[in-house]
Amino acid sequence: MFGKSNTTQGQVIRMWAGHAARAARVAYVAQWAFVGWALQGCVPTNTVRAVQTQDTSVMTISRYQGDAEAASSLRFGPYQVREVRRNASPISSLDEESGESRDVGHYQGYAFRLEGREAPVVGACTAEFRQDQQKQAFECELAGRTNKRWQMRLQGATPEGLSGAVADERTTMQIVKEHLAQATVPQAIQKADYYILKQGRLVGALHRQQSIVWIRPNLTPHERELVASATAALLLLQKAPSTR
């Protein structure tokens with residue numbers, strides 16, 4: 001009887017010990033599950049939430065060897081504008097009554113070389129800002145490495161109100177002062193000086209005051225070449241001096 005009782009008691013003890021061990025394991029797992037859940041509030045936010053990456057299509061303009069208006073070299077993103085050569089002169093008119101010459105406008109011309117992701121581009125631009133004409137004129141001739149050429153022409157009632165297009169034989173992009181679909185514009189380039197559009201789709205922008213260039217990602221190399229060269233030409237355009 002004693003041996004049987006011992007056997008039964010041993011089985012009970014082993015069963016109790018097994019239940020106790022399983023209960024301990026469950027409690028241990030539950031405890032660490034709770035600890036893990038509780039510690040989530042202590043983990044730094046940037047390790048548990050997606051951090052917005054910087055928009056690489058937004059590029060800061062860096063200017064070298066000159067002030068902001070007359071820089072002889074500048075860079076935005078992978079593009080560098082070099083070998084800038086300038087000339088400028090006042091536009092004079094003879095007053096018939098007094099016989100005196102007076103300044104009625106300003107002429108400027110410049111040439112540059114653009115280097116970057118696409119083939120190097122060379123450009124030559126001229127601008128005539130006249131007080132005695134309603135429309136101000138700005139024109140550029142541009143050419144790539146294969147000597148393929150395109151033109152850029154802008155006009156406006158004032159030097160600050162220029163708009164127009166950059167185009168070659170197969171592609172035309174509009175250059176405007178305002179872009180109405182603000183919801184599609186990155187915040188960094190809202191109220192930009194110039195917007196570049198292809199068939200109504202925003203492909204580039206220049207914000208001179210904030211020193212920012214924006215070029216839409218996933219453009220074709222040819223589209224990027226047009227946008228980058230037009231942006232470089234506009235960056236080099238100087239404000240017309242007051243003739244008063």
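Positions are given from 1, in the same order as the sequence printed here. Computed from a prediction, not measured in an experiment: that's the story for all the values here.
Looking at residues two or more places apart in sequence or on another chain, you find a side chain to side chain donor-acceptor pair (under 3.5 Å) between Ser92 and Asp103. Residues forming a salt bridge (Lys or Arg N to Asp or Glu O under 4.0 Å) with Glu128 (at least two apart in sequence, or on another chain): none. In this structure, the salt bridge (Lys or Arg N to Asp or Glu O under 4.0 Å) partners of Arg130, at least two apart in sequence or on a different chain, are Asp132. Every residue meeting the side chain to side chain donor-acceptor pair (under 3.5 Å) condition with Arg149, not counting sequence neighbours, appears here in chain and number order: Asn147. Not counting sequence neighbours, Thr231 has no partner by the side chain to side chain donor-acceptor pair (under 3.5 Å) test. Evaluation of the side chain to side chain donor-acceptor pair (under 3.5 Å) rule for Glu141 yields Gln151 as partners, not counting sequence neighbours.
Listed by first and then second residue, the disulfide (SG to SG under 2.5 Å) pairs that reach into residues 126-158 are Cys125-Cys140, sequence neighbours excluded. Identified under the disulfide (SG to SG under 2.5 Å) test for residues 184-227, with sequence neighbours left out: none. Legend: salt bridge (charged side-chain N to carboxylate O under 4.0 Å, His left out) pairs involving residues 107-116, not counting sequence neighbours, sorted by first then second residue: Arg82-Glu115, Arg113-Glu115. Within the structure, disulfide (SG to SG under 2.5 Å) contacts touching residues 76-115 (residues at least two apart or in different chains) do not occur.
Arg201 places a side-chain heavy atom less than 4.5 Å from the side chain of Val203.
Within the 3.5 Å criterion, the main-chain N or O of Thr220 finds a donor-acceptor partner in the side chain of Glu223. The backbone N or O of Gly109 lies less than 3.5 Å from no partner atom in the side chain of Arg85, so there is not a single donor-acceptor pair.
When all heavy atoms are compared, the tightest approach of Ser229 to Phe112 is O-CZ, 4.2 Å.
Seen from the ring of Tyr194, Lys177 counts as a face-on cation partner, given the 6.0 Å and 45° thresholds.
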Result block: side-chain N/O donor-acceptor pairs under 3.5 angstrom for residues 74-81, not counting sequence neighbours:
{"unit_1": "Arg75", "atom_1": "NH2", "unit_2": "Gln80", "atom_2": "OE1", "d": "2.8"}
{"unit_1": "Tyr79", "atom_1": "OH", "unit_2": "Glu118", "atom_2": "OE1", "d": "2.8"}
{"unit_1": "Tyr79", "atom_1": "OH", "unit_2": "Arg224", "atom_2": "NE", "d": "3.2"}
{"unit_1": "Tyr79", "atom_1": "OH", "unit_2": "Arg224", "atom_2": "NH2", "d": "3.3"}

Distance-only check: which donor-acceptor pairs under 3.5 Å involve side-chain atoms of residues 160-170, not counting sequence neighbours?
{"unit_1": "Asp168", "atom_1": "OD1", "unit_2": "Arg170", "atom_2": "N", "d": "3.0"}
{"unit_1": "Asp168", "atom_1": "OD1", "unit_2": "Thr171", "atom_2": "N", "d": "2.7"}
{"unit_1": "Asp168", "atom_1": "OD2", "unit_2": "His222", "atom_2": "NE2", "d": "2.7"}

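The environment of Asn87 atom CG is dense: over 12 non-hydrogen atoms of other residues, nucleotides or ligands sit within 6.0 angstrom.
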